Each structure stands twice: as C-alpha cells, then as structure tokens.
Amino acid sequence: MSLEQNIYDLRKQKLGQIEALGQPAYPNQFRFTHQIPEILSAYTASTGEELEANKPQVAIAGRLMAIRLMGKASFAHLQQQGEKLQIYIKKDAVGEKQWELYKLLDIGDHIGVKGYLFRTRTGELSVHVEEITFLSKDLLPLPEKFHGLTDVELRYRMRYVDLLDVEVRQVFVKRAKIVQSIRRFLDARSFVEVETPMMQPIAGGAAARPFVTHHNTLDIDLFLRIAPELYLKRLVVGGLDRVYEISRNFRNEGVSTRHNPEFTMLEFYQAYANYHDLMDLTVEMLQQVAMDVNGSLKSQFGEGEIDWSNFQRLSMREAIIKFWPAEAGEAPTMEAFKSDAEIEQLVRRLQKTKFSVPYDPREPAGRAIADIFEAVAEAHLWQPTIIYDFPLAISPLSKNKASEPDFVERFEIYVAGMELGNAFSELNDPEEQRRRFEQQLGERERGDDEAHQMDEDYIRALSYGMPPTGGEGIGIDRLTMMLTGSTSIRDVILFPQLRPEKRDEEAAPEGESAK
RNA sequence: GGGCGCGUAGCUCAAUUGGCAGAGCAACUGACUCUUAAUCAGUAGGUUGUAGGUUCGAUUCCUACCGCGCUCACCA
C-alpha cells in the first residue's frame, strides 16, 4: 500500500469522524458575509483598538493552507481567490465539540468560520473564531508548502493544484483582463463580436496543416479551423463593417515554448481602413491593454523589459539592412531587392556565415527576402516593432502596394523576438484573389501542403464587392506571455497539450481492494 | 523529427571513484491557549521512470524504451 493511499484512507476515516460529530461530509452551501479579499481591503486601515471596540462579525469560507497548532489554541490560514486571512481558534471560545472537529481538519480542507475580526500581537488581521462549519475534505496531500509544485509536467497536468500558487493564479487572472480590455477597446469603436465556424470544409486563411474530423450524419470530413479570416471577411461583404472574433485556432504542427496546437487569436476587420490605419489602432490597443493589466507601459520578460510606449516602425527591407550582420559583408541597399540575382547573392553571402537561409530557385524571390529577414532581423526585434511591406509571394490574401506590385500592404508586430500580430489591407479584387489561389495550388503541387487551397465560395463573396478593408490577427497567448513575463506558452494556457498520461495498474485512490 | 539535458519518499532536494538510499516539508503519536516556513520529542514512509547488460556489488557505467524540459526546424 502506497503512502498516498495511506493518507487517503486516513483522511477518509477523519471524514467519517467529522460526520459522527454531526457535520455533513459534503454540505451544499455556506452563507458568508464577506469574501476574503473584501475583508482584507475593507479592514487594512482598522487598528487593533478599533476592532476591539466594534468586534466586527464576519462569516468567511476558504481552503486551509496552513495550520499552527499549540495545544488548546491554534492559528491557521484560509485562502480564497488567491488571498489569505488568518484565523484564530481557541478551545475556550469554540467549545469541546468544535475543538474535536478542528483537530480532524487537514491542510487543503475547505471550511467556513464565523467570528469577529481582531489584530494579533504582531498586528495581523485575523478572525477570532466562534463557530466552524466543515465544507469539504482534501483527501490527497497538497504539494510542499514552501516550494510548491516545480515539476512542470505535474504543474500542467494537475493545474487544479498548481493554481493554488498565487503567482500562477495571477497569470490567468491577467489573461482574463487582457481579453476584457481588448473587448472594451473594440466595443468602444463599434466593432461587433461574432462567432464563425470552427469546423470548416476548407481550412483557409493561413498557411498551416489542419486537424481533420468527421461528421457522421453528413458523412463528410471537416477541418478544425486554422484561422477565422475568410469567414470574417465574408461578414464584411455582408455589411458588418467592423467585426472581431476572439477564439481558438488549431494547427497540426509541432509544440514548443511558443506553440500550442490550439491557441487563441483575436481577429478584427475594419472596412474603409488600410494597413496604416491598423498600425495606429494596434499601438493604441496594446497600450491600453498593458495599462489595464499591469498599470504600466513596461513589462518584465525574461532578462529584459518590454517598453510598450514606443513602437519602432521599419519596412521588412529596412530591417534587413539595419540588422545585416557584419560577417556577411556590406549591407544591401534598397535597390538590391529589385533584382532576383542580387537577392540570391545576399542569400549566398549569408549561407557562408552562421545564418542558415534556405534557397530554392524555383521559389519566387519574395520568399527569399522573407527568409533573409527571419534569419538576420527577427531575433533583434525585442522592443515592440512594426515590420511592414511584405513580399507578395508569402501573402496570398493581402492587397498589392500600388507603387511596388511585388510587395503587399502587410505588417507584422514583433515583440521579444516573437511574432505577436499580422495585419494587412485585405485583397478585395476577386479575380486577383483567384490568381493568387491558383498560384498557391501550384505550390501545393510542388509539395507545400501548407499552401492555401482554392475557396470558390470566398471568391464568390468577394465578387459581390468587399469595401476596402484592413484586417488583423493578434495572438492572445503570446500577448499574455509578454504581459505576464511567462517565457513558455504553456504557462499561459490552463491545460496545454501534453501526451496523454499513462496510468499504472496500481489501485486507484478510490481504494478498491487489491485482487 | 534532429541535438542536449533531466527522471531518487506524497512534495522540494542530497547521496564521495561503483560499496549499508538520506534530509526538510507533508503524514502519524505525544507536549504546548498569540502563532505565522510555529517550536520540541518520537514513529512510519523507497521495485532510485521501465526493461536489459557489464560487475562480487549499480541511484552511479552501457544499451533500448517511456515521460518531461531546453534548443533547432515549421508556424502565431
């Protein structure tokens, strides 16, 4: 019999004894007067003398996180919503039977207490308990009180235990505030929040491999969406000039500290706006969110500090020039990007250094420009930076720049060396869209299974006329990482994707007798 | 998928060159009516991730597998 099983059985016995004392094992409610955070904020200013004079009566509930027993009196901490309040139980004050009950409690149990507020000799606000109500038993031991759970696998698998750690909890509270703040920002500007299909017959709107699922009655395969993009633009065609959606996308790709197979994205579309309008809107939105969440335009991330007050803006080509590594010789000029031969030369020069840049002569030169950018510039983009004017070759849904047809009106936001957002003036010429899809089909033929598929209904929608529109996607998980200082995406997703846990055949904690 | 690293009591971590597997917290028993990582005395708790191999002897060395982390590649 394992130790864990021992503790489980012991605590079940205690639960039986608690019932024998007349308290139900699993009562169905507790009427409290305050939540613990309310008490802490309402009485911080009250002195011991004031409390002594008024003896404010309170009833509170929470989880027991520490017990310090001294014979016939005891202090303990109750935790609720990530905050702790001390309680003081004295045998004289609660009586024989309640004292017996108290001694049957374990760390991790939920209880409710009634009593009055006072300050201890050391000045800590505490509840002088007059009555204990048993609420729920913790049958399994909590992690070590000082270090908590540090095994990240256990943390992610047993988030219900991990969340008792106040700092872990705080990350997810902040995540909720981020989403709240984004909604407030967009709602105030007349955006309409919508929900579009998660299960799509054609997975479009991004370059990624989808998950496949099956509908039994219709007997068709469906794809979990990789982006809501094409549906949201159909809505703009239909006259929802300003729409947004915050929801999950699914991409059947590797997992890493920056990637989870399901992740949350904000996408929004604004009719009659171009990508420059979106740049301004984005800066304003991210600054509001940072203030709402942290009360500051600075946030700590890893070794450094992110300063959201200042967004650098560079074109992709300018960024390549700016961050061109000395070991690869003279930095290119803007002119160099106009010639396919010169672009190939740039790649060749980089390939002689530590920078690995793929090159495929069958691919359009624009792809090479993007690859060069990723190799030399991306890692430098630690402070918030807007990179604009992307090559047409990697942007099948963006509008061409009028002055430079090989480039499109697209930008991405980079923070802490990561992509945070992606935006563009939306391509609304249905015939050009058809040509782009056909070109993507060509790449599919050549083996790129992330290339975009043909979507006839989307082209039909554009044929009814979409106003000039700017659209943008922002990764909520990544934004949460940046604003909470979490260097792994798994720390901002409650239940990140892990391999299924393998269970041993040993007896389950329910305690079935062994065969 | 490639490379590097990790896996020891419920939790956090030790263990000399390959030589009796240990501590703190949690648990249990006892003492203690203002403690706060409470304190003090005692008790119990282990198939060292799994399976092989080398060896008189393996937590330690080797191989494979499982799980996790970091990193590279793809992407947001």
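Remember, it's a predicted structure, so these values are computed and weren't measured experimentally. Letters go in sequence order (proteins before strands), and every chain restarts at 1.
Using a 4.0 Å cut-off, some side-chain N or O of A:T150 falls inside it from OP1 or OP2 of B:U12. Distances shorter than 4.0 Å separate some side-chain N or O of A:R490 from OP1 or OP2 on B:C70. Phosphate contact (OP1/OP2 of B:C28, side-chain N/O of A:K14, threshold under 4.0 Å): present.
The aromatic rings of A:F311 and A:W308 are tilted relative to each other, their planes meeting at an angle between 30° and 60°. Ring pair A:F191/A:Y244 is perpendicular by interplanar angle, where above 60° counts as perpendicular and below 30° as parallel. Note: A:H128 and A:Y116 have parallel aromatic rings, judged against thresholds of 30 and 60 degrees for the angle between ring planes.
Sorted by residue number, the members of residues 61-80 of chain A with any non-hydrogen atom under 4.0 Å from RNA chain B read A:R68, A:L69, A:M70, A:G71, A:K72, A:A73, A:F75, A:H77.
For A:Q81, the side-chain hydrogen bond (donor to acceptor under 3.5 Å, both in side chains) partners at least two apart in sequence or on another chain are A:Q35. Scored by the ring-ring contact (aromatic ring centres under 6.0 Å, His included) test, A:F263 finds no partners at all (sequence neighbours excluded). For A:S46, there are no side-chain hydrogen bond (donor to acceptor under 3.5 Å, both in side chains) partners, not counting sequence neighbours.
Residue A:E450 is in sugar-phosphate contact alone, with no base atom involved, counting any heavy-atom pair closer than 4.0 Å across all strands shown. Contacts of A:K91 with the nucleic acid, taken as non-hydrogen atoms under 4.0 Å apart, are absent. Note on A:G473: nothing from the nucleic acid sits closer than 4.0 angstrom, heavy atoms only. Nucleic acid contact class of A:D92 (heavy atoms, under 4.0 Å, all strands): base.
Summarising the geometry, the separation between NZ on A:K103 and P on B:A27 is reported as 15 Å, rounded to the nearest angstrom. Counting to the nearest Å, the P atom of B:U35 and the CZ atom of A:R119 are 17 Å from each other. At whole-Å resolution of the value, NZ in A:K90 and P in B:C32 are 17 Å apart. Rounded to whole angstrom, the span from the CG atom of A:D9 across to the P atom of B:A27 amounts to 16 Å.
No side-chain donor-acceptor contact under 3.5 Å links A:R436 and A:S398. Donor-acceptor pairing under 3.5 Å is lacking for the side chains of A:S126 and A:E124. No hydrogens or angles considered: a donor-acceptor pair under 3.5 Å links the side chains of A:D491 and A:Y156.
Salt-bridge check for A:E167 with A:R169: failed, with every basic side-chain N at 4.0 Å or more from each acidic carboxylate O.
Within the 4.5 Å cutoff, the side chain of A:F211 has no heavy atoms near those of the A:R251 side chain.
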Find every protein N or O atom lying less than 3.5 Å from an N or O atom of nucleotides 21-25 of chain B, and list the pairs.
| residue | atom | partner | partner atom | Å |
| --- | --- | --- | --- | --- |
| B:G24 | N2 | A:E144 | OE2 | 3.3 |

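In RNA chain B, stems built from 3 or more consecutive Watson-Crick or G-U wobble pairs, each with both distances under 3.5 Å, span B:1-7 with B:66-72, B:10-13 with B:22-25, B:27-31 with B:39-43, B:49-53 with B:61-65.
The base of B:U35 is paired with the side chain of A:Q86 by a donor and an acceptor separated by under 3.5 Å.
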